[in-house]
Structure formats: structure tokens, C-alpha cells
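Report on one structure; see the data block that follows.
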Amino acid sequence: MTRNDPNQPGKDKESAEKPGNPRATHSIRFTDSEWKLIQRAAGLHGIPAGELVRNGAMAAAEELLDEPPAVTFSSGHAALIEAVYRMVYMMATLDRGRLLDAGRGKELEDLIAAARRTMAETMDEGPA
């Protein structure tokens, strides 16, 4: 088994074989004691050691270069966000009448305004 073998335990065979996968394998050397330390830290966070190294390296590079992280969503994440949005919208629509009947119209309007501002800022559309 080679070092970059996607069948190696802990490797995601599916993502390694995906055509057009934007990540490529790169080599970096650690002493055994350094790698054990990294593995222990990663284990505390419940993530693979390679992910800890990648996240740490990216955070350091972004900070040093004063560049914000690139935002990437998989199609699964986008679908999850859409499903959560639809669920929240449905719940808010169903509860709107109850909130108005309870005299909480101002609170409801404030929440809607805050949600619109957050959405506009998140989508780089400027303040709402």
C-alpha cells in the first residue's frame, strides 16, 4: 500500500476518485512524535489528522496574507441549507398569526429585519 493509496484506512475513496476533485495530494514531513501530537489533537476534535493540518495551514496562510477563506459548499450542504430555510419559513408562517395575536408584532418584524440583513450581508449584497 502506497502512502497516497485511496484504499488506505482513513482515506475517502469516493472523493479521491471523483473526476475534477479540486484537492490534490501533497506531501509534508513530520517526525513520529510530531505526527502523534497532531493525531492526538485531531482525535480530541473528532477529525482526521490530515484535516487538522489542512485547516491549520489554511487558517495561518489566510491570516498572514490577510485573505478571507474561500467559501465552498458541496451540493449536499446547499441542499441542507435550502431544506432548513424552507422548514424555518414554514414554521414562521404558521406561527405568525399566533405571534401577532399575542401582541408580539414588533418582535416579529425585528426578527424578519435581522434575518434580511444577515442574508444580504452573507450574500455580499450589502446592508438591507
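For this chain, numbers begin at 1 and follow the sequence in order.
- The list of side chain to side chain donor-acceptor pair (under 3.5 Å) pairs with a residue in residues 32-43, not counting sequence neighbours, reads Thr31-Ser33, Thr31-Glu34.
- Residues Val53 and Leu64 do not share a hydrophobic cluster, defined by chaining ILVMFWY side chains whose heavy atoms lie under 4.5 Å apart.
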Can you give the donor-acceptor pairs under 3.5 Å from side chains of residues 105-114 to other protein atoms, not counting sequence neighbours?
| residue | atom | partner | partner atom | Å |
| --- | --- | --- | --- | --- |
| Lys106 | NZ | Asp110 | OD1 | 2.8 |
| Lys106 | NZ | Asp110 | OD2 | 3.4 |
| Glu107 | OE1 | Arg104 | NE | 2.8 |
| Glu107 | OE1 | Arg104 | NH2 | 3.0 |
| Glu107 | OE2 | Arg104 | NH2 | 2.9 |

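- Using a cut-off of 4.0 Å between Lys/Arg side-chain N and Asp/Glu carboxylate O, Arg98 and Asp95 are scored as salt-bridged.
- In terms of heavy atoms, Leu52 sits closest to Ala42 at CD2-N, 3.7 Å.
- Tyr85 OH: 12 or fewer foreign heavy atoms inside a 6.0 Å radius.
- Applying the under-4.5 Å side-chain rule to Ile, Leu, Val, Met, Phe, Trp and Tyr, the cluster around Leu44 consists of that residue alone.
- A heavy-atom distance below 4.5 Å is not found between the side chains of Phe30 and Leu37.
- With values rounded to the nearest 0.5 angstrom, Glu63 atom CD is found 13.0 Å from Met58 atom CE.
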